[in-house]
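Here the structure is laid out as structure tokens; the discussion comes afterwards.
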Number of protein chains: 2
Amino acid sequence: MSRSHTDVPSPARQAVLESCPIGEVLDHVAGKWSIGILVAAAAGPIRFTELERAVGGISRRMLTLNLRKLERDGMLVRTVYPTVPPKVEYALTPMARELHDTLVGLTDWAERHRGAIAAARADYDATQPAAV
Amino acid sequence: MSRSHTDVPSPARQAVLESCPIGEVLDHVAGKWSIGILVAAAAGPIRFTELERAVGGISRRMLTLNLRKLERDGMLVRTVYPTVPPKVEYALTPMARELHDTLVGLTDWAERHRGAIAAARADYDATQPAAV
DNA sequence: CTGAATCCTTCAGGATACTG
DNA sequence: CAGTATCCTGAAGGATTCAG
């Protein structure tokens, strides 16, 4: 029997559907700070205040929120030492470490094309009528 | 001479600084739609309306904005055919194609850990006192 | 030291209508 | 077909203050 007109999504649509999980990845990595935190913690367990300095420019609020999110997603392990003053360490999980490795691929790409992108942008801005 | 107390950033801080370009990457890939557009256009030149259907759920406004942004960054080439009705095709640049390949690494990671992340989340939510 | 709580601003993104 | 122009909302994020 003939198919209705609502089926067979285009190849492009299928490709989008298949790469859908990448959207979830980005959810864990999205935001201004998640990656910075991941990178800062990659070297080994790191304390709250150390993170604050390492990431640079992040507010306490956002640091806390992002840490909670990453912990919830199983990217970070939070260890509290019941001392006084309190000491809390955050460490990457193996999963997060893998992610960190994968991210290196992106960094490389960025390094390689940083100049090209800047050039393309300058070119575009020069070509387009000034958006007054 | 002894160094002041303001120098020698921590290793973690240095790591963050070194991986800084990744922040720029994300700027090009950030947002809800950029990746979808990239993926949809990966198969070959694609028209505006085709993109609209392929990405799915995107508004005309956001599609236009994202296309302009990607074009400006040198990820897309916009070709106008002065016919009637108008026909416009968007094609990935080699640079964007490389990015697309790199993104596959992330997709793989997401696939592999999708379950683990969901589990970690359920675990976390079960452990934490219900945030009423 | 490590947060939680509150207030406020900004802006990505959605809905809708109009046009060459 | 391929946009542009407006209006509007929600969520991200910054600043500041309070607390165990």
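Chain letters run A, B, ... following the sequence lines, proteins first and then strands; every chain starts at 1.
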Salt bridge (Lys or Arg N to Asp or Glu O under 4.0 Å) against [X], all qualifying residues, sequence neighbours excluded:
{"X": "A:Arg97", "result": "none"}
{"X": "A:Glu98", "result": "B:Arg112"}
{"X": "A:Arg72", "result": "B:Asp125"}

Legend entry - Inter-end axis angle, the helix from C:dC1-D:dG20 to C:dG20-D:dC1, with every axis fitted to five base pairs (rounded, 10 degrees):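 That helix has its two terminal axes inclined by roughly 50°.
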Legend entry - Contact residues, residues 42-53 of chain A to DNA chain C [heavy atom, < 4.0 Å]: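 A:Arg47, A:Phe48, A:Thr49 - these, ordered by number, are the residues of the stretch whose heavy atoms sit under 4.0 Å from the strand.
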Inset, instruction - Would you jot down, in residue-number order, the residues of residues 64-84 of chain B having a non-hydrogen atom under 4.0 Å from DNA chain C? - result: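 Going residue by residue through residues 64-84 of chain B, none turns out to have a heavy atom under 4.0 Å of DNA chain C.
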Inset, instruction - Shoot me the first and last contacting nucleotide of DNA chain D against chain B, ordered 5' to 3', at under 4.0 angstrom to non-hydrogen atoms. - result: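 So the outermost contacting nucleotides come out as D:dC1 to D:dT6.
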Only pairs under 3.5 Å count here: list side-chain donor-acceptor contacts from residues 53-70 of chain A, not counting sequence neighbours, and write none if there are none.
residue : atom : partner : partner atom : Å
A:Ser59 : OG   : A:Met62 : N            : 3.2
A:Thr64 : OG1  : A:Arg60 : O            : 3.0
A:Asn66 : OD1  : A:Ser34 : OG           : 3.3
A:Asn66 : ND2  : A:Met62 : O            : 2.8
A:Lys69 : NZ   : A:Asp27 : O            : 2.6

Legend entry - Sequence neighbours excluded - ring pair (Phe, Tyr, Trp, His ring centres under 6.0 Å) pairs with any residue from residues 97-128 of chain A: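 Found A:Trp109-A:His113.
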Would you tabulate the side-chain donor-acceptor contacts of residues 38-50 of chain B under 3.5 Å, counting partners in other chains and residues two or more places apart, or write 'none'?
residue : atom : partner : partner atom : Å
B:Glu50 : OE1  : B:Arg47 : N            : 2.8

Inset, instruction - State, yes or no, whether a side-chain contact exists between B:Leu106 and A:Leu103 at a heavy-atom distance under 4.5 Å. - result: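 SC-SC contact between B:Leu106 and A:Leu103 confirmed.
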Inset, instruction - Compare all side-chain heavy atoms of A:Ile117 with those of B:Met95 and state whether any distance is below 4.5 angstrom. - result: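 The answer is yes, as the side chains (C-beta and beyond) meet within the 4.5 Å cut-off.
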Legend entry - B/S/- contact track for nucleotides 14-20 of chain C, protein heavy atom under 4.0 Å: BB----B
Taking distance alone, no hydrogens or angles, what donor-acceptor pairs closer than 3.5 Å link side-chain atoms of residues 74-92 of chain B to residues at least two apart or in another chain?
residue : atom : partner : partner atom : Å
B:Arg78 : NE   : B:Tyr90 : OH           : 3.2
B:Tyr81 : OH   : B:Glu89 : OE1          : 3.3
B:Thr83 : OG1  : B:Tyr81 : O            : 3.4
B:Thr83 : OG1  : B:Pro85 : O            : 2.9

